[in-house]
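Note sheet for the following structure.
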Amino acid sequence: MRALVIDDSRAMRRIVSSILTGFGYEVRDAGHGGEALDVLNEGWVPDLATIDWNMPVMDGLQFVSAVRANPAWRSMTMMMVTSESEHTQIVRALAAGAHEYVIKPFTADAIRDKLALLGLLPQEVVL
Amino acid sequence: MTTLDTDRRLADARPVITELIDEATVESIAGEAWISLVGEDEVLVPLPGELPADVVSSWVDMVGPWTGSVVLTTGRQTAEDLSRALLRESAPEVLEEEDVVDAFGEIANVVGGSVKAVLPGHSALSLPSVGTPPEVRNPVDVCRIDVLWRGAPIAISVQGALPALGTPGTTV
């Protein structure tokens with residue numbers, strides 16, 4: 001499975017990428033929503049995108065809306081991974097088309113549980 | 001009436017941070033952030049230490065019912081050690097300034113986000129900044145803890161802004 005990790009912090013991209021690689025994902029990353037759209041436009045469409053909210057150039061919510069506007073990317077699952085923890089913000093993200101929401105700080109187990117809920121945990125990790 | 005008088009009047013109408021959050025909550029927030037970002041075995045010991053002369057700060061600004069900044073301050077070497085701990089195997093042999101800005105800033109972002117979550121009402125958070133921290137403008141509007149990480153002192157301060165900050169995105 002493929003994952004695209006979108007966060008303006010290189011340190012956070014490393015942390016999330018390391019967790020997903022441990023679950024068997026092939027991972028690419030992007031520093032903001034615009035870079036992530038470039039990856040998708042190359043034809044590299046992942047099964048999962050993890051998306052920070054507050055980023056320069058194009059924020060996470062704008063990215064989610066852009067993805068939802070393109071039927072070719074409908075199969076991609078979008079999980080917000082962000083320090084935005086207000087209920088209203090979570091509702092906004094889900095209404096825009098995000099499937100799941102993880103609040104920073106998180107643990108590898110929290111990501112694992114969300115992926116299991118989404119059916120995106122490889123079988124060998126589930127067992 | 002001077003601008004300063006107006007600022008003070010506005011400040012009087014706003015809550016101060018100690019009415020909204022206490023030191024134990026800030027300590028708990030920072031501890032969780034450390035475990036998540038720095039490592040499962042990394043603990044913050046709630047003991048004060050003397051900050052060295054060469055310090056660096058990372059912070060995020062918050063605008064809402066309470067307005068101010070969440071600021072982490074530590075020695076430059078400790079900030080580098082923290083950055084290396086976050087980057088782990090992907091840390092370069094020689095850390096660039098931008099690596100420290102990125103990693104130390106992300107810690108402020110996560111701690112700031114958690115502080116925002118326990119404050120009442122809707123607030124907006126800025127992108128993190130790293131450098132010389134915003135001044136403490138109102139000494140009664142500060143909630144500060146001092147901790148040790150691997151024996152090195154770190155100060156974490158939730159401090160009010162006077163005058164009020166603009167909307168994040170316009171100030172950073």
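Naming: A, B, ... by sequence-line order, numbering from 1 per chain. Any value given below was found using the heavy atoms of this structure, including those in side chains, with hydrogens, waters and symmetry copies removed.
- Within the model, atoms CD1 of A:I111 and CG of A:L121 stand 11.0 Å from one another, a figure rounded to the nearest 0.5 Å.
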Chain A/chain B interface donor-acceptor pairs under 3.5 Å:
| unit_1 | atom_1 | unit_2 | atom_2 | d |
| --- | --- | --- | --- | --- |
| A:S9 | OG | B:D102 | OD1 | 3.3 |
| A:R10 | N | B:D102 | OD1 | 3.2 |
| A:R10 | N | B:D102 | OD2 | 2.6 |
| A:R10 | NH2 | B:D99 | OD1 | 2.3 |
| A:A11 | N | B:D102 | OD1 | 2.8 |
| A:R14 | NE | B:L86 | O | 2.5 |
| A:R14 | NE | B:L87 | O | 3.1 |
| A:R14 | NH2 | B:L86 | O | 2.3 |
| A:E84 | OE1 | B:K116 | NZ | 2.8 |
| A:E86 | OE1 | B:H122 | ND1 | 2.6 |
| A:E86 | OE2 | B:K116 | NZ | 3.0 |
| A:E86 | OE2 | B:S123 | N | 3.1 |
| A:K104 | NZ | B:E106 | OE2 | 3.0 |
| A:F106 | N | B:S36 | OG | 3.1 |
| A:F106 | O | B:S36 | OG | 2.5 |

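- Cluster annotation: B:I35 and B:V38 are assigned to distinct hydrophobic clusters (Ile/Leu/Val/Met/Phe/Trp/Tyr, side-chain heavy-atom contacts under 4.5 Å, transitive).
- In this structure, the separation between CD1 on A:I15 and CG on A:L20 is 12.0 Å, given to the nearest 0.5 Å.
- Across every non-hydrogen atom of A:E100 and A:L117, the tightest pair is OE2-CD1, 4.1 Å.
- Taking all atoms of both residues into account, the shortest heavy-atom contact from B:L51 to B:A155 is CD1-CB, 4.3 Å.
- Residue A:M12 holds its CE atom at 11.0 Å from CG of B:L87, rounded to the nearest 0.5 Å.
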